[in-house]
Amino acid sequence: MNGATGFDGIAQLLQILPLPTGFPIEQFLAHWWVFPASILFSLVALSSGVSGALFFSPFFMLVVGLSPSQAIGAGLLTEVFGMGNGLLNYVRQRVVDYATAKWLLLGAVPAVVVGALAAHYVPTALLTLLFGVGLLVLGGFLVYYDPPDECVPGEREGSFLQRKNSGRGRTTIETTDGETFTYDTCWRPPGIGLATAGGFITGLISAGLPEVTTTQLIVRCRLPPRVAVATSVFVLAVAAIAGAAVHALAATPVWYIVAWSIPGVLIGGTIGTRVGKYVPSEIMEPALGVVFAIVGVIVLGSELLA
């Protein structure tokens, strides 16, 4: 009885607030549980270093019951706010390689826009299948590759890339905490190609860009892990804003869901940045890769067996 009275009071308060016309107050209140789930997902995502959209889009689709395009749009919109805390820290630390980032953005931003538009025109069944396959691929990527902080710069560049990556000058990053990184400036085309592929996948299924680019920047482009992670987060932030804007313009955002998920990720992100240094990434990332692969199988099974 007290719970019902409390919700009635909240509903009355919402009715006097300047909410968008037609905002579904009853649906909003009925989905209060998205808030604690968002705190948990954001905490795990930031503490393990994987994209938060890998959690949110499947959750919005399988648990909340949104359509694939709605789930992807809500996942991207949530991620834009969720990554803000981590991005701000990297910018303040001056650890972003902006020279590399601007080239990656040349491929990532147009690709994420195309992917986001495609998500609204691809038939729902096909988009669900693509989403499931994408989760399987990204899950396998997390299992196969070492975490970024465990990778050795240049360990997989090969003789061809070694020649291409040499003689292009040196890049120096001086952080605010006194650390200096100096490395050979990378040959740009492979990075642009990877950012283009990752951006399209991100626009289509709301995840993939940081998972595709971060490790490759280290093992094929010689970037130090700390710089590679910060640069990928910066690129993702700009690309995700473009993708979220396309999803918002192409369809009405599910505000009654993101109104819970956005404050949830802000709280979870604040906690996640503090506990991340205590989480063993060499255990967390493969474990999450297995989880995402299982979710991918569930998504595929739900569509193929329907």
Side-chain angles (χ1 to χ4, degrees), residues 31-83 112 115-116 118-120 122-143 198-212 236 239-240 243-244 247 251 253-254 256-262 264-265 268-269 272 284-306:
H31 289 85
W32 62 268
W33 43 273
V34 171
F35 177 66
S38 300
I39 294 177
L40 176 62
F41 293 156
S42 180
L43 191 158
V44 174
L46 280 194
S47 62
S48 61
V50 302
S51 172
L54 279 172
F55 294 91
F56 284 104
S57 296
F59 172 72
F60 290 151
M61 187 187 303
L62 297 176
V63 180
V64 179
L66 301 182
S67 69
S69 60
Q70 287 178 323
I72 292 164
L76 267 180
L77 190 59
T78 301
E79 187 172 43
V80 167
F81 288 87
M83 75 178 66
V112 79
H120 289 278
V122 172
T124 299
L126 179 57
L127 183 58
T128 303
L129 294 175
L130 290 172
F131 188 83
V133 171
L135 285 175
L136 281 173
V137 172
L138 293 175
F141 189 91
L142 290 175
V143 172
F200 179 77
I201 296 170
T202 296
L204 193 63
I205 68 171
S206 77
L209 182 58
E211 289 76 21
V212 169
L236 175 63
H247 278 287
V254 192
Y256 66 90
I257 297 297
V258 296
W260 287 117
S261 64
I262 289 174
V265 298
M284 178 66 82
E285 286 204 9
L288 290 176
V290 172
V291 171
F292 293 139
I294 292 173
V295 174
V297 171
I298 293 173
V299 170
L300 289 172
S302 66
E303 182 61 37
L304 294 173
L305 300 177

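The figures that follow rest on heavy atoms only: side chains count, while hydrogens, waters and symmetry mates do not.
Closest non-hydrogen pair, Gly203 versus Ala119, comes out as O-CB, 4.1 Å. A pairwise comparison of heavy atoms in Gly75 and Phe56 identifies CA-CB, 4.3 Å as the closest pair. Between Leu135 and Gly296 the shortest heavy-atom distance is CB-CA, 3.8 Å. Of all non-hydrogen atoms in Ile262 and Val265, the two that sit nearest each other are O-CG2, 3.1 Å. Contact detail for Met61 and Pro68: the closest heavy-atom pair is CE-CA, 3.7 Å. The minimum heavy-atom distance between Gly268 and Ser42, with the atom names listed, is C-OG, 3.5 Å.
With sequence neighbours excluded, no residue satisfies ring-ring contact (aromatic ring centres under 6.0 Å, His included) with Phe131. With sequence neighbours left out, Thr202 forms a side chain to side chain donor-acceptor pair (under 3.5 Å) with no residue at all.
Between Val133 and Val137 the shortest side-chain heavy-atom distance falls below 4.5 Å. Between His31 and Trp33, the closest side-chain pair of non-hydrogen atoms falls below 4.5 Å. The shortest side-chain heavy-atom distance between Val254 and Val64 does not fall under the 4.5 Å cut-off. The closest side-chain heavy-atom distance from Leu204 to Leu127 is below 4.5 Å. In this structure, the side chains of Glu79 and Leu236 come closer than 4.5 Å at one or more pairs of heavy atoms. When side chains are defined from C-beta on, Val63 does not count as touching Val34, because their heavy atoms never get closer than 4.5 Å.
In this structure, Leu77 CG and Ile72 CD1 are separated by 13.5 Å, a value rounded to the nearest 0.5 Å. In this structure, OG1 on Thr78 lies 11.0 Å from CZ on Phe41, to the nearest 0.5 angstrom. From Leu300, atom CG reaches atom CG of Leu130 across 9.5 Å, with rounding to the nearest 0.5 Å.
Listed by first and then second residue, the side-chain hydrogen bond (donor to acceptor under 3.5 Å, both in side chains) pairs involving residues 53-64 are Ser57-Ser206 (not counting sequence neighbours).
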